[in-house]
Amino acid sequence: RRRRRLRVFCQGQQAGPLGGPPARRGAAPWGSMAMNYNAKDEVDGGPQCPPGGPAKNRRPDNTAFKQQRLPAWQPILTAGTVLPTFFIIGLIFIPIGIGIFVTSNNIREIEIDYTGTDPSSPCNKCLSPNATPCYCTINFTLEQSFEGNVFMYYGLSNFYQNHRRYVKSRDDSQLNGDSSALLNPSKECEPYRRNEDKPIAPCGAIANSMFNDTLELFLVGNESYPTPIPLKKKGIAWWTDKNVKFRNPSGGESLKERFKGTTKPVNWVKPVYMLDSEPDNNGFINEDFIVWMRTAALPTFRKLYRLIERKSDLHPTLPAGRYYLNITYNYPVHSFDGRKRMILSTISWMGGKNPFLGIAYIAIGSISFLLGVVLLVINHKYRNSSNTADIT
Amino acid sequence: TLCMAYKHLTSKEYEEIDRRLFEARTALQQREEKLAHVFQFIEKDLILLGATAVEDRLQDRVRETIEALRMAGIKVWVLTGDKHETAVSVSLSCGHFHRTMNILELVNQKSDGECAEQLRQLARRIKEDHVIQHGLVVDGTSLSLALREHEKLFMEVCRNCSAVLCCRMAPLQKAKVIRLIKISPEKPITLAVGDGANDVSMIQEAHVGIGIMGKEGRQAARNSDYAIARFKFLSKLLFVHGHFYYIRIATLVQYFFYKNVCFITPQFLYQFYCLFSQQTLYDSVYLTLYNICFTSLPILIYSLLEQHIDPHVLQSKPTLYRDISKNRQLSIKTFLYWTILGFSHAFIFFFGSYFLIGKDISLLGNGQMFGNWTFGTLVFTVMVITVTVKMALETHFWTWINHLVTWGSIIFYFIFSLFYGGILWPFLGSQNMYFVFIQLLSSGSAWFAIILMVVTCLFLDIVKKVFDRQLHPTNTEKAQLTET
């Protein structure tokens, strides 16, 4: 290991690059000047060479880092360097935008609002029902057939799942199957924490307001005999949510035993262990429940309800024609001016139907290309003057 | 200055002189006059040998340094305790006064009225003659008279002179002059350079005090903000180190405000969509770590290492210093530019993500839905990438450390988010972010949106920079071009 050269600067030596003798700066600058003040130093202009070893050297090292001499790349954003980039961006973005736009246009989507605020709507009677549950049916027609997998969503409007008090009103340990949290839910769930002196499972406002309409779809075929469309209820929640984040509490044989000592949320009809007959879709791991618990970002949102799987390649999944939507109207939204709707949509690799991304790419690509052309013209015009200009 | 002369004395003459001296020295009355009389008797008919003088040489390259200071737009005043003739000749020799300058004098004023009259005269002369450059010489007594009653008039005269020389100045008067300049209407920044103990009050009074470690001891250096060993080092201190430091600090301040505007504005915009319930857009861990981990290192390294122009160019072209005079890079105009840029970026982040979701369409290939945390993470991801690449755009001096922290910050963000969302943390009450980031990254739409938003934001900035450089380049930008 190379020994660091200790430069000794005492009287009589050559001055270094900085000039005169280095800092034997008289100690603490402001206070204790008297302490190290040595009149002889002033006159001589430097410390005497001590007879023995080297003097203490406070000079910074002569390394590239400390003397700011590191090698560096020094790019400059001139028109020459940036022009090709603008053109490249234009040439790449516009085709991408067109591709995305075409993909989005090929997605089929239909929205059926079934809130029933309009007196002529079939679901109007369910706004103030005389008998619960209220059933209503909405007819609609598909102009074009839907190919491939079709996804059925329910959508709500003016429903602020992103309100702060609402978002934090849950207990993730309870939903993860933690037995202590099952019987003693978190304080965040207040006021939906205990009811009739028993802890609520699942606690919180999010669980309490779970969507409980039932939607069924029927195709009116050639024979005026409506065929039900098979709706698949598995695979609508995130895999990690269903298998890792949400777990039923462990314990007894049946699910009902495991939830012993808790009560259902206030607004629910059935307790959580009776959400579905199938055991792997019951309790906390019910997929509809999991989908509801993922709070939406905006007040107008939709959640995945059912999947309609594609049939063989010859037949479209949903052929064009007339359809019935049978609704078990349980969920009241009228009081807060909310709206409910059902959405049927096909999905591409980039998700649902939204022309925004495609249009944005085309727009940015064209602007970039245009500015590239403008810059080229300006560069050409000012090329001479900028070369001969001197620093005044 | 001394004259040397000699005379041969015979022993008789010597004894005569000796006797007279003895009488004069031992006289009881009027000793002084008698001695003077005898000295006059002795010092006659001498033969001149020559004259001696002491040369107090100017330091090396003082002339060039003062010339450079003047080219940089810095006004130079010389405050000295020497007498009038010495001071003027030193000024002429060191380049402070030119031979072509018209030297105005305010010296030997005996009374207040006289001083005022002289000042008015000088002001008139300056007004009459615009073409020629004026220099002013003031001495200590006249200065105290002028400052007592006629400050404004005196400052008026000084402002119109390109060089001012104050001679016969007492140490406290030097400080007084500096104070006077500091409180004048333009509020200039003052820098005092001195090397002796009599300069200490001046050094302490000025905004920046520089002491030269020299033959007159270390008092000045001890009391200064910066100590240098030679006067010529002032040019490197100001034009290289001072210039670098200013650019680094001004950009640091502006960038900090910019990145925090980018950070908080989407939070604010989100309130319009969540009933103003103060629901946060980003997870609390992201809120904490944004300024500490994800965006701190690039700007730190910039403010330590940035060199927008080569040091040799800076030192050889002092006029480049004018580009940062009057605190230009922290002016309202620059601040507004950065702030408006921050706001426009924040709007692009938020509304880009907002319109991407539209009426809440799915962004995944399997039709599943995102929630509010995924939305917030999308905005946050775009933001971290954009502010880091913006810093990259501002950097002119790319050392390996810059590469490491810039690209490393972005990579660290991704790795951290994957790690943070990868497991269920046992001690955390809420598991909001579990797997959110990975789900976001598995959406093709989200990736395209991220790229689009980053490009759009920086596009505006690049366009502005390039157009500015093409259409009206500053001296700094021209210097950057010439050296490549």
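Worth saying up front: this structure is predicted, and the values here are computed from it rather than measured. In what follows, chains are A, B, ... by sequence order, proteins preceding strands, each numbered from 1.
Both the backbone and the side chain of A:F301 come within contact range of chain B, with heavy atoms under 4.5 Å apart. A:D178 does not touch chain B: none of its heavy atoms, backbone or side chain, sits under 4.5 Å away. For A:T295, the parts lying near chain B are the backbone and the side chain together; criterion is any non-hydrogen pair under 4.5 Å. Contact of B:V436 with chain A is made through backbone and side chain together, with heavy-atom distances under 4.5 Å. In this structure, chain A has a heavy atom under 4.5 Å from the backbone of B:N366, while its side chain stays farther away. With a threshold of 4.5 angstrom between heavy atoms, A:I100 approaches chain B through side-chain atoms but not through N, CA, C or O. Residue contact with chain A, scored on non-hydrogen atoms closer than 4.5 Å, involves the side chain of B:I401 exclusively. When heavy atoms are compared at a cutoff of 4.5 Å, B:Y270 approaches chain A solely by way of its side chain, counted from C-beta outward. Interface residue B:K359: backbone and side-chain heavy atoms are both found under 4.5 Å from chain A. With a threshold of 4.5 angstrom between heavy atoms, B:T374 approaches chain A through side-chain atoms but not through N, CA, C or O. Neither the backbone nor the side chain of A:Y166 comes within less than 4.5 Å of any heavy atom in chain B. Interface residue A:Y361: backbone and side-chain heavy atoms are both found under 4.5 Å from chain B. For a residue to count as touching a neighbouring chain, one of its non-hydrogen atoms must lie under 4.5 Å from one of that chain's; by this rule A:Q161 does not touch chain B.
The aromatic ring centres of A:F246 and A:W292 sit 6.0 Å or more apart. Taking the six-membered ring where the residue is Trp, the centroids of B:Y273 and B:F350 are separated by under 6.0 Å.
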B:R230 and B:D60: CA distance, side-chain angles, deciding distance, salt bridge (charged side-chain N to carboxylate O under 4.0 Å, His left out) verdict: CA-CA 8 Å; B:R230 291 275 179 274; B:D60 203 20; over 6 Å; no
Start with the C-alpha distance between B:T399 and B:Q307, add both sets of side-chain angles, then the distance that settles side-chain contact (heavy atoms from CB on, under 4.5 Å), and finish with yes or no. CA-CA 10 Å; B:T399 62; B:Q307 296 180 19; over 6 Å; no
Can you check side chain to side chain donor-acceptor pair (under 3.5 Å) on B:R469 and B:Q480, steps first, answer last? CA-CA 11 Å; B:R469 195 182 269 269; B:Q480 283 174 332; 2.9 Å; yes
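Neither side chain, B:T395 nor B:E306, offers a donor N or O lying under 3.5 Å from an acceptor on the other.
Residue with the most contacts toward chain A among B:F435, B:F375, B:Y354: B:F435 (heavy-atom pairs, distance under 4.5 Å). When each of B:N402, B:L452, B:L424 is checked for heavy-atom pairs under 4.5 Å with chain A, B:L452 comes out on top. Per-residue counts of heavy-atom pairs under 4.5 Å with chain A were compared for B:S430, B:C274, B:A221, B:P426; the largest is that of B:C274. Taking B:L281, B:L363, B:L275 one by one and counting their heavy-atom pairs under 4.5 Å with chain A, the maximum is reached by B:L275.
For the atom pair B:I361 CD1 and B:M369 CE, the distance stands at 8.0 Å (nearest 0.5 Å).
The minimum heavy-atom distance linking B:Q267 with B:Q279 is given by the pair OE1-O, 4.4 Å.
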